[in-house]
Participant: 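Below you'll find the structure I mean.
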Amino acid sequence: MSLDELPHKKLASSEGIQFARSDSRFRSLSPAPIPIPTAPSFRSLVDPVSDERVNHDTVTSHESEIGSGSISTVSSTVSSVESEKAAYEFLAQTPIKSTDAHLVEFSEAMRTVAKALRRVAEGKAAAQAEAEEWRRKYELEMAHKQQRKIKGYGSCANNELEKLASQLTLETPSSDQAGCCGNHGICSHEVLQDESPGPNPRSSHKLVSRKASFRLSWGCNGDKNGQHKHDFVSFEKGDITTAERSNKQILLKWESSPQTVLFITKPNSNSVHVLCAEMVRWLKEHKKINVVVEPRVSKELLTEDSYYNFIQTWDDDEEKKMLHTKVDLIVTLGGDGTVLWAASLFKGPVPPVVAFSLGSLGFMTPFPSEQYRDCLDNVLNGPFSITLRNRLQCHVIRDAAKDELETEEPILVLNEVTIDRGISSYLTYLECYCDSSFVTCVQGDGLIISTTSGSTAYSLAAGGSMVHPQVPGILFTPICPHSLSFRPLILPEYVTLRVQVPHNSRGQAWASFDGKDRKLLSPGDALICSISPWPVPTACLVDSTTDFLRSIHEGLHWNLRKSQSFDGPRD
């Protein structure tokens, strides 16, 4: 029976009562729900509530009619159906449609947020992968450095290095003492140990094999009286104090007389050539010293006079590599560049260097050439002060290398290594790391990684600080950075620096080592720098500090200013 036939149907009172009391028969007469254009989730919440409310109203209406004794149900049934239609029409109105529009807008916003979060997650994953790659490369570099360390330290050297940290002494060993010198300082066989341990290689027939021994000790404020003071730090009652380690001067004392001197001279200089010939003659005649010179100098002296047949030289690179096992002392005649060249001849230990000033500035050449007899007498007799000048050990790792162990031959520099843009018109773009920590990206003309000895060279011209050569550190100085806040840094000596040309760099970079041996760094290539275990010991005219201050006063006229007049206004 349809709803249109309900007004014309005459129902008995008993049928009306039975119809009113039967839920199932009443529900069978209910019309189908009117469709509402809403989201399924929202609709599923609205329909049960609407059906329950309509059924409840209908049953309540019929029960009230039975309670009043009415036998007519047609009017109440029609009104219930009309109220149900009204309820569905109300639910289909604007609030539901408005809510649906807000849900669509909200879902679009959530999709946008999801895309942003996905991009962030992808970037984080890429960064973590890159960090993991750098960590792997760093571990490989550490393994590479460990493999390159010199092995074969004798028990004497190990015991001496362990005891040096707690106690250093200036006691003189007995002349008949053999083997290790015990607790008397740093022995020459520790400092000048062969870089390649193992059986002694074939000795050159042109070079003597005997080598003088010496030891290093600490002096107090340059004092040479042999007075001992504890060094480093002391621990007492929970307090940590230093023991004035900054005022210690390193002294060198020969244990046996030096026998062989190597001369390194500045080329193309008549005055240097004349002085070299005079000094060689004096050492041979008055000191009975064996003299070794470069092949170029040997040829010049022999061409000039056959008297110099006693001089020795080397013929090939193998003999040159073994110079440190036969040479007791190096004498340089020239400027700082001559000292740099002399240091570059030694890939391992370096004998003490006596540098005579025949150049321009002379930060590392304190000895006057006019007084060479007195200077050499003092050095040969000893003891004398020395400055241990650290060198940088540099490795170039190509992007095509399979792992970090595939590096080119290490390069040792005394002043600095420079990474610049060369002839490229683009800014140099370099990524810099200190151990496992990111330092910065260099965007400018380049970068200087310098020793403290090189702080008065290129680094000084680029705005770096002047640093005492015995301060343990590495200078990190940018060259014309395109930034107002990129200031130079001084890093501790024990760190390892890595400078990489990223793959997205617009141009290439060039690396030069003490101003020579330029190497191309393509995108993906890296340069690794750390302090070498083999310093360059240079003899001091007075002591390290006095010579350093003299060099910046005389060479750079540091803080030279006309004094203020005394006859002005006074307090």
Participant: Do L262 and F346 touch side chain to side chain, with heavy atoms closer than 4.5 Å?
Facilitator: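 Yes, side chains in contact.
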Participant: Has D435 got a side-chain atom pairing as donor or acceptor with T496's backbone, closer than 3.5 angstrom?
Facilitator: yes
Participant: Hey, is the main chain of G446 close enough, under 3.5 Å, to the side chain of R421 for a donor-acceptor pair?
Facilitator: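 Side chain of R421 to backbone of G446: no pair is present.
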Participant: Is any side-chain heavy atom of L376 closer than 4.5 Å to one of M279?
Facilitator: yes
Participant: Does this structure show an ion pair linking D420 with R518, if we count only N-O contacts that are shorter than 4.0 Å?
Facilitator: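 Salt bridge flag = yes for R518 with D420.
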Participant: With no hydrogens and no angle check, is any side-chain donor or acceptor of S256 less than 3.5 Å from a backbone partner on S213?
Facilitator: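 Yes, because the side chain of S256 sits within donor-acceptor range (under 3.5 Å) of the backbone of S213.
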Participant: Would you find a donor on one side and an acceptor on the other, under 3.5 Å apart, between the side chain of N378 and the backbone of D374?
Facilitator: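 Yes; at least one donor-acceptor contact below 3.5 Å.
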Participant: Relative to the ring of Y307, is the ring of F310 parallel (under 30°), tilted (30 to 60°) or perpendicular (over 60°)?
Facilitator: perpendicular
Participant: Is atom CH2 of W254 surrounded by more than 12 heavy atoms (other residues, nucleotides or ligands) closer than 6.0 Å?
Facilitator: yes
Participant: With a 4.5 Å limit on heavy-atom distance, are the side chains of D336 and T338 in contact?
Facilitator: no
Participant: With a 3.5 Å distance limit and no angle check, can you tell me whether N415 reaches the backbone of D514 through a side-chain donor-acceptor pair?
Facilitator: no
Participant: Does any N or O in the side chain of K320 come within less than 3.5 Å of the main-chain N or O of W314, such that one atom is a donor and the other an acceptor?
Facilitator: no
Participant: Regarding H273 and E304, do their side chains bring together a donor and an acceptor under 3.5 Å, going by distance alone?
Facilitator: yes
Participant: With a 4.5 Å limit on heavy-atom distance, are the side chains of V442 and Y429 in contact?
Facilitator: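 Answer no - side chains too far apart.
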Participant: Let me see the working for I250 and T387 under side-chain contact (heavy atoms from CB on, under 4.5 Å), right down to the final yes or no.
Facilitator: CA-CA 7 Å; I250 303 177; T387 299; over 6 Å; no
Participant: Rounded to the nearest 0.5 Å, what's the gap from CZ on F356 to OG on S369? Could you check?
Facilitator: 8.0 Å
Participant: Say you draw a straight line from CD1 of I552 to OG1 of T456; how long is it, rounded to the nearest 0.5 Å?
Facilitator: 9.0 Å
Participant: Of the non-hydrogen atoms in S344 and K516, which two are nearest, and what is the gap between them?
Facilitator: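 Shortest heavy-atom separation between S344 and K516 comes out as CB-NZ, 4.4 Å.
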Participant: With heavy-atom distances below 4.5 Å as the criterion, would you say the side chains of L489 and I474 are in contact?
Facilitator: no
Participant: Testing the 3.5 Å rule here: is there a donor-acceptor pair between the side chains of Q393 and S530?
Facilitator: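 No pair is found: no donor N or O on one side chain lies under 3.5 Å from an acceptor on the other.
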Participant: Once you measure the plane-to-plane angle for W558 and H553, does it fall in the parallel (<30°), tilted (30-60°) or perpendicular (>60°) bin?
Facilitator: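 Judged by the thresholds at 30° and 60°, the geometry between W558 and H553 is tilted.
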Participant: Between L414 and R389, does the side-chain contact (heavy atoms from CB on, under 4.5 Å) criterion hold? Intermediate values first, please.
Facilitator: CA-CA 8 Å; L414 180 56; R389 299 180 182 271; 3.9 Å; yes
Participant: Atom SG in C394, atom CD in E416: separation rounded to 0.5 Å?
Facilitator: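 Taking SG in C394 and CD in E416, the distance rounds to 10.5 Å.
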Participant: Can you see which heavy atom on S455 is nearest to which on S465, and at what distance?
Facilitator: CB-O, 3.4 Å
Participant: Under 3.5 Å, is there a donor-acceptor pair between the side chain of Q249 and the main chain of S544?
Facilitator: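 The answer is yes, because a donor-acceptor pair under 3.5 Å joins these two groups.
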Participant: Run through V495, I490, T440 and flag the one making a side-chain contact (heavy atoms from CB on, under 4.5 Å) with F476.
Facilitator: T440
Participant: Could you check whether atom NZ of K299 has more than 12 heavy atoms from other residues, nucleotides or ligands sitting under 6.0 Å from it?
Facilitator: no
Participant: Given 3.5 Å as the limit, does a donor-acceptor pair link the side chain of D547 with the main chain of L541, or not?
Facilitator: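 Yes.
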Participant: Taking everything shown except N309 itself, do over 12 heavy atoms lie less than 6.0 Å from its CG?
Facilitator: yes
Participant: Going by heavy atoms in the side chains, are L380 and P258 under 4.5 Å from each other?
Facilitator: yes
Participant: Can you name the nearest heavy-atom pair linking A539 to P366, along with the distance?
Facilitator: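 Shortest heavy-atom separation between A539 and P366 comes out as O-CG, 3.8 Å.
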Participant: Could you measure the distance from the OG atom of S522 to the CZ atom of R398? Nearest 0.5 Å is fine.
Facilitator: 6.5 Å
Participant: Are K287 and D377 within salt-bridge range, i.e. N to O under 4.0 Å?
Facilitator: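 D377 and K287: salt-bridged.
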Participant: So, the side chain of D328 versus the backbone of Q259: is there a donor-acceptor pair under 3.5 Å, distance only?
Facilitator: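 It does hold such a pair.
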Participant: For F548 and H468, I'd like to know if the aromatic rings sit close, meaning centre-to-centre distance below 6.0 Å.
Facilitator: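 That pair passes the under 6.0 Å test.
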Participant: side-chain contact (heavy atoms from CB on, under 4.5 Å) for D567 and S565? Distances and angles first, verdict last.
Facilitator: CA-CA 6 Å; D567 57 354; S565 175; 2.2 Å; yes
Participant: Is the closest side-chain heavy-atom distance between W510 and L520 below 4.5 Å?
Facilitator: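 Sidechains of L520 and W510: in contact.
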Participant: Tell me whether R296 at atom CZ has more than 12 heavy atoms from other residues, nucleotides or ligands lying less than 6.0 Å away.
Facilitator: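 Yes - once you tally the heavy atoms of other residues, nucleotides and ligands closer than 6.0 Å, there are more than 12.
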Participant: Passes side chain to side chain donor-acceptor pair (under 3.5 Å), T546 versus D543? Steps please.
Facilitator: CA-CA 5 Å; T546 302; D543 56 62; 3.0 Å; yes
Participant: Indicate the atoms forming the closest heavy-atom contact of H557 with E554, along with that distance.
Facilitator: CE1-O, 3.8 Å
Participant: Test side-chain contact (heavy atoms from CB on, under 4.5 Å) on V379 and L329 and set out the steps.
Facilitator: CA-CA 9 Å; V379 169; L329 192 69; 3.9 Å; yes
Participant: Taking the basic N atoms (NZ, or NE/NH1/NH2) and the acidic carboxylate oxygens, is any pair closer than 4.0 Å for E278 and R373?
Facilitator: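 Looking at E278 and R373, the cut-off is met.
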Participant: Does the side chain of V261 come within less than 4.5 Å of V292's, by heavy atoms?
Facilitator: no
Participant: Run through V327, I330, L323 and flag the one making a side-chain contact (heavy atoms from CB on, under 4.5 Å) with V350.
Facilitator: I330
Participant: Side-chain donor-acceptor pair under 3.5 Å between S453 and T451, yes or no?
Facilitator: no
Participant: Which atom names give the shortest non-hydrogen contact between L388 and P537, and what distance separates them?
Facilitator: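 Taking L388 first and P537 second, the nearest heavy atoms are CD2-CB, 3.8 Å.
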Participant: Which value, rounded to the nearest 0.5 Å, describes the distance between W282 atom CH2 and L275 atom CG?
Facilitator: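 These two atoms lie 12.0 Å from each other.
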Participant: Identify the two heavy atoms, one from P469 and one from T452, that lie closest to each other, and give their separation to 0.1 Å.
Facilitator: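 Shortest heavy-atom separation between P469 and T452 comes out as O-OG1, 3.0 Å.
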Participant: Do you see a donor-acceptor pair shorter than 3.5 Å between the side chains of S298 and T313?
Facilitator: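 No, no side-chain donor-acceptor pair sits under 3.5 Å.
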Participant: Quick check for you: to the nearest 0.5 Å, what is the distance between I531 atom CD1 and E493 atom CD?
Facilitator: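 It is 6.0 Å, given to the nearest 0.5 Å.
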